Amino acid sequence: MRLRLLSLYPDQMNIYADRGNLTFIRKRCEWRGIGFELTSCGLGEEFDPGGHDLIYMGGGQDRDQKAVAGDLVRVKRGQMFTARDDGAVILAVCGGYQLLGRSYQLEGERIEGLGLAGLETVRESGPRLIGPVAITVDLDGTERTLAGFENHGGRTYLDTGCEPLGRVRSGHGNNGRDGLEGVHDRNLFGTYLHGPLLPKNAWLADHLIGLALEHHHGGPVELEPLPDELESAAHQSALRAAEAG
Ligand code: GLN
């Protein structure tokens, strides 16, 4: 078995060590004897939409987002839609998550997004939404927790009928008002959680690995459990920070 991971704009979209998510997926594949292939795709480059099982984009400052947004829409939009429709898994964090939506409205400037998800982000007046965050997520009939750290000026609003990734237990989430966090639509996942997200939430890493392998190999895959003592400790510590906040 082999998992093919595509990292979009690794040079620009890597805030709060979001690149750690890639290392974590690599290690969890290697520990199980699953082949792992990492391809990067930067400014001006196209990718083969059928050649990747998991597409990843991390967070970035407004400045970096602006630099990649035009490229994303001009050069990669068609490939992103084809990959999504073909069942590739997409994970986007913070700035990357915002670019999944139709637009990111800044003061006097509208950054066009991919429009892969029914959501919009607006930079409103008011403080940045910063701090530890914990959310409750139900992807398969079982409630689980994600814990991490958020720092965003943009407030994201989901269209009616568009499902969040989870519900805020503590922290701000999409906009600090409606109690929703992230977006989830079949194989598409967006979230504000840094930390990095996956090392602190190993269950989500395995969920994504399972979906990605299913995409590549065409059937459900049973993943060998891993000891996860350090990962559980990292999760508990992030959760405690969120609950203390
Ligand atoms: N620049 C975006 C915002 O401030 C995203 C920030 C991030 O990726 N942490 O809303």
Side-chain angles (χ1 to χ4, degrees), residues 7-22 24 40-43 55-73 76 80 90-135 146-158 162 164-166 168 170-184 188-201 204 238 241-242 245:
S7 169
L8 292 179
Y9 309 108
D11 296 334
Q12 291 83 9
M13 302 299 275
N14 173 41
I15 209 170
Y16 303 119
D18 281 343
R19 193 178 291 142
N21 291 322
L22 304 177
F24 196 64
S40 296
C41 189
L43 291 170
I55 300 176
Y56 174 72
M57 183 161 45
Q61 311 275 12
D62 289 356
R63 188 189 55 237
D64 295 319
Q65 272 178 284
K66 271 186 231 168
V68 306
D71 186 82
L72 197 55
V73 168
K76 300 178 181 58
M80 289 295 286
I90 298 175
L91 171 65
V93 174
C94 202
Y97 162 44
Q98 294 172 340
L99 295 179
L100 295 180
R102 286 185 296 274
S103 62
Y104 178 20
Q105 183 69 50
L106 294 157
E107 210 179 307
E109 188 180 4
R110 181 179 178 273
I111 300 179
E112 190 184 347
L114 282 170
L116 265 178
L119 59 92
E120 256 161 12
T121 302
V122 186
R123 174 61 79 90
E124 296 161 4
S125 57
R128 293 183 70 80
L129 305 180
I130 306 178
V133 52
I135 65 173
L146 289 178
F149 171 78
E150 61 182 327
N151 182 354
H152 48 111
R155 270 80 165 154
T156 296
Y157 297 94
L158 304 182
C162 181
L165 176 61
V168 175
S170 48
H172 303 287
N174 279 345
N175 50 54
R177 292 202 191 104
D178 61 17
L180 307 179
E181 206 294 316
V183 69
H184 175 222
L188 179 82
F189 299 80
T191 180
Y192 273 113
L193 272 63
H194 300 281
L197 169 72
L198 299 180
K200 292 190 174 175
N201 300 283
L204 181 63

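Keep in mind that this is a model prediction, so the values were computed, not measured. No hydrogens, no waters, no symmetry mates; every other heavy atom, side chains included, goes into these values. Ligands are counted one by one from 1 in listed order, and the atoms in each one are counted from 1 as well.
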Checklist entry - Any idea how H194 and F149 line up, ring-wise: parallel (<30°), tilted (30 to 60°), or perpendicular (>60°)? => result tilted
Checklist entry - H184 vs F189 aromatic rings, parallel, tilted or perpendicular, using cut-offs 30° and 60°? => result parallel
Checklist outcome for this item: Residues passing the salt bridge (charged side-chain N to carboxylate O under 4.0 Å, His left out) test with E107, sequence neighbours excluded, are none
Next on the checklist: I'd like to know if the side chain of Y104 pairs up with that of D62 as donor and acceptor (distance under 3.5 Å, no hydrogens or angles considered).
Outcome noted: yes
Which protein N or O atoms sit under 3.5 Å from any N or O of ligand 1? Give each pair with its distance.
from     : atom 1 : to   : atom 2 : distance (Å)
ligand 1 : 1 (N)  : G60  : O      : 3.1
ligand 1 : 1 (N)  : D62  : N      : 3.3
ligand 1 : 1 (N)  : D62  : OD1    : 2.5
ligand 1 : 1 (N)  : Q65  : OE1    : 2.6
ligand 1 : 4 (O)  : R123 : NH2    : 3.4
ligand 1 : 4 (O)  : R128 : NH1    : 3.4
ligand 1 : 4 (O)  : R128 : NH2    : 2.9
ligand 1 : 4 (O)  : G153 : N      : 2.9
ligand 1 : 8 (O)  : G60  : N      : 3.0
ligand 1 : 8 (O)  : G60  : O      : 3.3
ligand 1 : 8 (O)  : G95  : N      : 3.0
ligand 1 : 9 (N)  : N151 : O      : 3.0
ligand 1 : 9 (N)  : H194 : NE2    : 3.1
ligand 1 : 10 (O) : Q98  : NE2    : 2.9
ligand 1 : 10 (O) : Y104 : OH     : 3.3
ligand 1 : 10 (O) : G153 : N      : 3.0
ligand 1 : 10 (O) : G154 : N      : 2.8

Checklist entry - Knowing that exactly one of V122, T121, N175 qualifies, which makes a side-chain contact (heavy atoms from CB on, under 4.5 Å) with T156? => result T121
Checklist entry - Is the backbone N or O of G95 less than 3.5 Å from a side-chain atom of Q65, with the two atoms forming a donor-acceptor pair by type? => result yes
